[in-house]
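Beneath this line is the structure, given in structure tokens, with notes to follow.
All values reported here derive from a predicted model rather than from experimental measurement. Every chain is numbered from 1 and lettered A, B, ... according to where its sequence line falls, protein lines coming before strand lines.
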Amino acid sequence: MAPTKDTKKRTQRRKKDPNAPKRALSAYMFFANENRDIVRSENPDVTFGQIGRILGERWKALNAEDKEPYEAKAAADKKRYESEKELYMATHATE
DNA sequence: GGCGTGATTGTTCGG
DNA sequence: CCGAACAATCACGCC
């Protein structure tokens with residue numbers, strides 16, 4: 001099932017690990033990186049109120065092929081985190 | 001062997 | 001400064 005949105009208000013940002021590898025970014029993050037300047041450039045009138053909403057709308061508006069670069073980076077970033085987590089695990093184990 | 005959980009990531013915007 | 005919608009994530013630990 002979904003991560004029970006009820007669990008609690010997200011963005012709790014609580015630390016629990018010594019070196020906290022901080023997982024990785026998300027496709028949205030990479031996509032947003034390119035959209036923030038694009039969408040906002042095409043919608044200089046819309047503010048977070050709209051942009052934020054619009055951003056997400058068109059994010060999905062793209063096709064798997066469009067998200068390709070975003071998903072690709074997402075996976076790439078994940079590997080990034082994977083390395084830190086690996087070390088984090090090592091440090092955690094061998095300590 | 002399958003499940004749920006939490007933590008996190010980045011943008012925009014404003015008071 | 002931080003949070004809040006917007007979305008994805010997905011590794012982690014556990015019985």
Exercise. Would you mind telling me which of B:dC13, C:dT9, B:dT12 lies closest to the side-chain atoms of A:E71?
Key: C:dT9
Practice problem: Could you say whether A:F30 or A:G49 is positioned toward the 5' end of DNA chain B, judged by the nucleotide with the nearest heavy atom to each? | Solution: A:F30
Quiz item: Which residue lies toward the 5' end of DNA chain C, A:A75 or A:Y28, if each is placed at its nearest nucleotide?
Solution: A:Y28
Self-check item: d(CG, A:L62; P, C:dA8) in whole Å
Solution: 11 Å
Practice problem: To the nearest Å, give me how far apart CZ (A:R53) and P (C:dA4) are. | Solution: 17 Å
Quiz item: Which heavy atom in A:K78 sits nearest to a heavy atom in A:A24, and how many Å separate them?
Solution: CA-CB, 3.2 Å
Exercise. Remember a base hit wins even if backbone is also touched, and classify A:Y70 as base, sugar-phosphate or nothing at under 4.0 Å, heavy atoms.
Key: nothing
Practice problem: Rounded to the nearest angstrom, tell me the gap between atom NZ in A:K85 and atom P in B:dA7. | Solution: 18 Å
Quiz prompt | A:I51 CD1 to A:D45 CG distance, which is reported to the nearest 0.5 Å | solution = 10.0 Å
Practice problem: For the side chain of A:L55, starting at C-beta, report the closest nucleotide among B:dT11, B:dT8, C:dA7. | Solution: B:dT11
Quiz item: Below 4.5 Å, heavy atoms only, C-beta onward: do A:V39 and A:R58 meet side chain to side chain?
Solution: yes
Self-check item: Given DNA chain C, 5'-ward residue of the pair A:F48 and A:S26, judged by closest heavy atom
Solution: A:F48
Quiz item: Ignoring hydrogens and angles, does a donor from either the side chain of A:R23 or the base of B:dT9 sit under 3.5 Å from an acceptor on the other?
Solution: no
Exercise. Would you mind reading off the distance between A:K78 atom NZ and B:dT8 atom P, rounded to a whole angstrom?
Key: 18 Å
Quiz item: So how far off straight is the helix from B:dG1-C:dC15 to B:dG15-C:dC1, going by the axes through five pairs at either end, to 10°?
Solution: 50°
Quiz prompt | Integer-rounded Å distance: C:dT9 C1' and A:K60 NZ | solution = 14 Å
Practice problem: In whole angstrom, give the distance that lies between atom CD1 of A:I54 and atom P of C:dA5. | Solution: 17 Å
Self-check item: Minimum-distance pair of heavy atoms, taken over all atoms of A:F30 and A:Y70
Solution: CD1-O, 3.5 Å
Exercise. Looking only at side-chain atoms of A:W59, point me to the closest of C:dA11, C:dC6, C:dA7.
Key: C:dA7
Quiz item: Can you check the A:L25 CG to C:dA11 P distance for me, whole Å?
Solution: 13 Å
Quiz item: Counting N and O atoms only, with roles assigned by atom type, does the side chain of A:N33 sit under 3.5 Å from a partner on the main chain of A:M29, one being a donor and the other an acceptor?
Solution: yes
Quiz item: Crowded around A:R80 CZ? As in, over 12 foreign heavy atoms under 6.0 Å?
Solution: no
Quiz prompt | Any donor-acceptor N/O pair, A:D66 side chain to A:N63 backbone, under 3.5 Å | solution = yes
Exercise. Round to a whole Å and report the spacing from CD of A:E34 to C1' of C:dA7.
Key: 17 Å
